[in-house]
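Please read the structure below before turning to the comments.
Read the numbers this way: they start at 1 and go in the same order the structure lists the ligands and their atoms. Note that the coordinates shown come from a computational prediction; the quantities given were computed from them, not determined experimentally.
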Amino acid sequence: MTLHLDDLRVRHLGECRYDSPFSEMLAAKRTSPHYVAEGDRVLLDDTVSMLAEHDVRPEQLPSFEAAGPRRKIYFDPAQVTAGVVTCGGLCPGLNDVIRGLVQELTVHYGVRRILGFRNGFRGMTAARRDDTIDLTPDRVRDIHNAGGTILGSSRGAQDADEMVDSLVLRGIDVLFVIGGDGGMNAATNLAAAIRRRGHEIAVIGVPKTIDNDLPYTDQSFGFQSAFAQAANFISSVAVEAAASPDGIGIVKLMGRHSGFIACYASLARNAADVVLIPEVPFVLDGPDGLLARVEQHVRAKGHVVIVVAEGAGQDLLRERGLLGDATDASGNAKLGDIGVLLREAITAHLTDVGLAPTVRYIDPSYAIRSVTANAYDSVYCLRLAYAAVHAAMAGRTETAVVRWRRRFVHVPMPLIISHRNEVDPDGDLWMSVLEATGHLVPPPAQPAGGRGDREPGRRRPRGPVADLVGGTAGRRDAELPEAGSARTAR
Ligand SMILES: Nc1ncnc2c1ncn2[C@@H]1O[C@H](COP(=O)(O)OP(=O)(O)OP(=O)(O)O)[C@@H](O)[C@H]1O
Ligand SMILES: O=P(O)(O)OC[C@H]1O[C@](O)(CO)[C@@H](O)[C@@H]1O
Ligand SMILES: [Mg+2]
């Protein structure tokens with residue numbers, strides 16, 4: 001999808017007439033390596049080739065509005081009531097964002113009333129709209145020392161108009177939605193209903209999810225804390241597998257339909273021999289299949305460590321009648337358990353070929369998302385919260401605040417929900433995973449004047465990703481015997 005400058009403009013509620021509390025401090029601000037001044041913008045693309053593709057004058061290049069305090073704001077802070085809602089799966093840093101919002105609104109803007117809606121959008125329905133939490137600096141002082149969200153969260157579908165009624169009845173002027181793709185969809189619907197009904201309520205999204213499956217952001221907050229926690233389980237499984245004859249270590253990790261947690265956690269510990277993610281299909285059987293590759297590892301070094309993203313191999317489960325069409329209350333497809341399938345298939349295969357596998361299977365599940373934010377995410381959450389408050393007070397709406405190429409920017413909500421962020425099988429992250437798991441072992445050097453199909457002295461470029469797909473086959477590890485044909489099916 002080619003984006004143009006106008007696609008990246010965010011909606012404003014109207015003219016900013018009030019002096020910001022920051023106006024004096026901002027007087028001297030100029031665009032610098034660390035700050036984008038008002039009116040300046042942050043480029044969508046950052047390589048020369050991508051910029052050249054647009055073939056427009058520099059000021060017409062697609063770019064985002066910079067986040068941050070404005071000299072003039074839209075709302076009179078003394079008159080503002082703010083609302084906060086957290087929705088979807090838990091994520092490290094939720095409480096950090098809430099705390100940052102309350103701090104910035106209260107201390108720096110002088111907003112005196114902040115209501116927390118309980119348990120996701122469910123708390124904005126008619127039956128529950130009056131059961132809010134008063135968010136004050138005292139109430140949120142230490143909440144970042146606990147995982148989860150003090151407001152509670154939920155899944156499920158709620159009626160946008162009923163929720164707008166709640167906002168109007170509670171006198172909400174700005175609403176902060178801390179949620180994933182579902183929450184951002186809901187925020188978009190809310191903003192549309194607000195506009196349709198002629199209300200001037202700002203809706204600002206703070207994208208959240210451990211899955212990192214949201215586009216147009218460098219990473220979603222909580223992702224780093226989640227994969228750091230996941231890496232600890234990979235270490236545990238690696239210890240267990242290495243200490244057992246024919247040891248098989250398997251870790252299944254959350255991430256829904258994206259494999260970022262599995263990739264980053266594997267790279268963090270660099271202990272995985274095989275990484276399986278939803279974006280890169282794999283087969284179990286045959287010379288290029290996972291089972292053959294696992295057997296080679298066990299025969300070559302006595303054990304193997306496999307990291308599998310929970311969304312991987314769903315096609316294999318469906319082929320075996322182990323995956324239906326069930327969804328959760330929000331409409332998200334319920335995943336089949338690829339971890340159990342792998343554990344059973346690997347145990348059976350290795351036993352069939354005369355080995356005696358000792359399987360150590362860990363599914364950390366919620367243990368990677370119910371932790372507190374690590375230091376990186378704590379800072380990230382606080383700065384996202386500050387950016388969200390500045391955006392709301394400046395009258396932006398239907399806008400998400402994200403970090404994009406190290407800058408905090410405003411992204412139009414429709415972009416945040418435009419598609420799912422996935423690991424690119426042709427991208428550098430997956431390449432790093434293949435390198436770390438030994439899947440990019442260069443083909444054996446050819447004798448001088450080798451075959452006609454390659455220039456002497458230069459390696460023939462690797463085949464398409466299919467040759468490296470799934471990290472399970474097709475690669476030729478120096479220490480492993482050749483696995484059947486040198487190429488694998490996608
Ligand atoms: N397509 C949609 N349109 C409108 N609202 C939605 C949609 N999907 C979800 N929602 C609303 O957003 C809330 C959260 O959605 P969901 O349960 O999918 O989690 P999420 O925000 O995607 O977070 P995560 O992916 O981290 O679990 C739901 O309870 C529902 O109120
Ligand atoms: O919280 P639930 O409904 O069990 O859903 C679990 C899902 O939520 C997430 O943690 C966040 O989307 C996914 O990684 C996981 O598959
Ligand atoms: Mg989601």
[X]-ligand 1 polar pair, N/O distance under 3.5 Å:
X	value
Gly156	yes
Asp213	no
Phe121	no

Using a cut-off of 6.0 Å, state whether more than 12 heavy atoms not belonging to [X] lie near its atom [atom1].
X	atom1	result
Arg155	CZ	yes
Arg112	CZ	no
Asp131	CG	yes
Arg383	CZ	no
Asp325	CG	no

What are the polar N/O contacts of ligand 2 with the protein below 3.5 Å, with distances?
{"residue": "ligand 2", "atom": "1 (O)", "partner": "Arg155", "partner atom": "NH2", "Å": "3.1"}
{"residue": "ligand 2", "atom": "1 (O)", "partner": "Arg369", "partner atom": "NH1", "Å": "2.9"}
{"residue": "ligand 2", "atom": "1 (O)", "partner": "Arg369", "partner atom": "NH2", "Å": "2.8"}
{"residue": "ligand 2", "atom": "3 (O)", "partner": "Arg155", "partner atom": "NE", "Å": "2.8"}
{"residue": "ligand 2", "atom": "4 (O)", "partner": "Tyr366", "partner atom": "OH", "Å": "2.4"}
{"residue": "ligand 2", "atom": "5 (O)", "partner": "Arg155", "partner atom": "NH2", "Å": "3.2"}
{"residue": "ligand 2", "atom": "8 (O)", "partner": "Arg155", "partner atom": "NH2", "Å": "3.0"}
{"residue": "ligand 2", "atom": "8 (O)", "partner": "Arg256", "partner atom": "NH2", "Å": "3.4"}
{"residue": "ligand 2", "atom": "8 (O)", "partner": "Arg369", "partner atom": "NH1", "Å": "3.1"}
{"residue": "ligand 2", "atom": "10 (O)", "partner": "Arg369", "partner atom": "NH1", "Å": "2.7"}
{"residue": "ligand 2", "atom": "12 (O)", "partner": "Asp211", "partner atom": "OD2", "Å": "2.7"}
{"residue": "ligand 2", "atom": "12 (O)", "partner": "Arg256", "partner atom": "NE", "Å": "3.4"}
{"residue": "ligand 2", "atom": "12 (O)", "partner": "Arg256", "partner atom": "NH2", "Å": "3.2"}
{"residue": "ligand 2", "atom": "14 (O)", "partner": "Asp211", "partner atom": "OD1", "Å": "2.6"}
{"residue": "ligand 2", "atom": "14 (O)", "partner": "Gly255", "partner atom": "N", "Å": "3.2"}
{"residue": "ligand 2", "atom": "14 (O)", "partner": "Glu310", "partner atom": "OE2", "Å": "3.4"}
{"residue": "ligand 2", "atom": "16 (O)", "partner": "Glu310", "partner atom": "OE1", "Å": "3.4"}
{"residue": "ligand 2", "atom": "16 (O)", "partner": "Glu310", "partner atom": "OE2", "Å": "2.5"}

Please state which protein non-hydrogen atom is closest to [atom] and give its distance, to 0.1 Å?
atom	answer
atom 2 (C) of ligand 1	Asn185 CB, 3.5 Å
atom 18 (O) of ligand 1	Asn332 ND2, 3.0 Å
atom 31 (O) of ligand 1	Gln158 OE1, 2.5 Å
atom 25 (O) of ligand 1	Asp181 OD1, 3.6 Å
atom 4 (C) of ligand 1	Asn189 ND2, 3.3 Å
atom 24 (P) of ligand 1	Lys208 NZ, 3.5 Å

My understanding is that we take every heavy atom of each candidate and find the minimum distance to atom 21 (O) of ligand 1. Doing that for Gly183, Gly88, Gly205, Ala187, which one comes out nearest?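 Considering heavy atoms of Gly183, Gly88, Gly205, Ala187, the nearest to atom 21 (O) of ligand 1 sits in Gly183.
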
Ranking Pro207, Gly182, Ser154 by closest non-hydrogen atom to atom 10 (N) of ligand 1, top hit is Gly182

Review point. Which word best sums up how the rings of Phe223 and Tyr264 line up, parallel for under 30°, tilted for 30 to 60°, or perpendicular for over 60°?
Key: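 Perpendicular: the ring planes of Phe223 and Tyr264 meet at over 60°.
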
*Mind checking whether Phe408 and Tyr380 have parallel, tilted or perpendicular rings, split at 30° and 60°?*
tilted

Around the Mg ion (ligand 3), what protein N, O or S atoms are found below 2.8 Å?
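Hits for the Mg ion (ligand 3) below 2.8 Å: Asp181 OD1.
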
* Asked: For Tyr74, which of Arg396, Glu200, His12, Glu15 qualifies under side chain to side chain donor-acceptor pair (under 3.5 Å)?
  ->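 Among the candidates, only Glu200 passes.
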
Quick one: pull up OH in Tyr361 and CZ in Arg343 and give me the separation to the nearest 0.5 Å.
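Going from the OH atom of Tyr361 to the CZ atom of Arg343 covers 6.5 Å.
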
The reported gap from CG in Leu151 to CG in Leu135 (rounded to nearest 0.5 angstrom) is 5.5 Å

State which residues pass side-chain hydrogen bond (donor to acceptor under 3.5 Å, both in side chains) with Glu279; sequence neighbours excluded, sorted by chain then number.
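By the side-chain hydrogen bond (donor to acceptor under 3.5 Å, both in side chains) rule, Glu279 matches no residue at all.
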
We want to know whether Ser154 and Asn119 form a side-chain donor-acceptor pair, criterion being a heavy-atom distance below 3.5 angstrom.
no

- Between Ser244 and Thr358, a side-chain donor and acceptor under 3.5 Å: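 No - no donor-acceptor pair under 3.5 Å links their side chains.
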
Ala373 and Asp96 have their tightest heavy-atom pair at CB-OD1, 3.8 Å

For Asp218 and Asn212 the tightest heavy-atom approach is O-OD1, 4.4 Å

Need the ligand 1 atom indices (1-based, order shown) with element for anything under 4.0 Å from a heavy-atom of [X].
X	answer
Ser330	15 (O), 16 (P), 17 (O), 18 (O), 28 (C), 29 (O)
Ala186	4 (C), 5 (N), 11 (C), 12 (O)
Gly89	23 (O), 24 (P), 26 (O), 27 (O)

Show me the donor-acceptor pairs within less than 3.5 Å that the side chains of residues 181-193 make with the rest of the protein, sequence neighbours left out.
{"residue": "Asn185", "atom": "ND2", "partner": "Asp181", "partner atom": "O", "Å": "2.9"}
{"residue": "Thr188", "atom": "OG1", "partner": "Met184", "partner atom": "O", "Å": "2.8"}

At under 4.0 Å between heavy atoms, what of Arg256 touches ligand 1? The answer is side chain

Okay, side chain of Ser220, backbone of Thr209: is any donor-acceptor separation there less than 3.5 Å?
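Yes; judged by distance alone, with no hydrogens or angles, the pair exists.
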
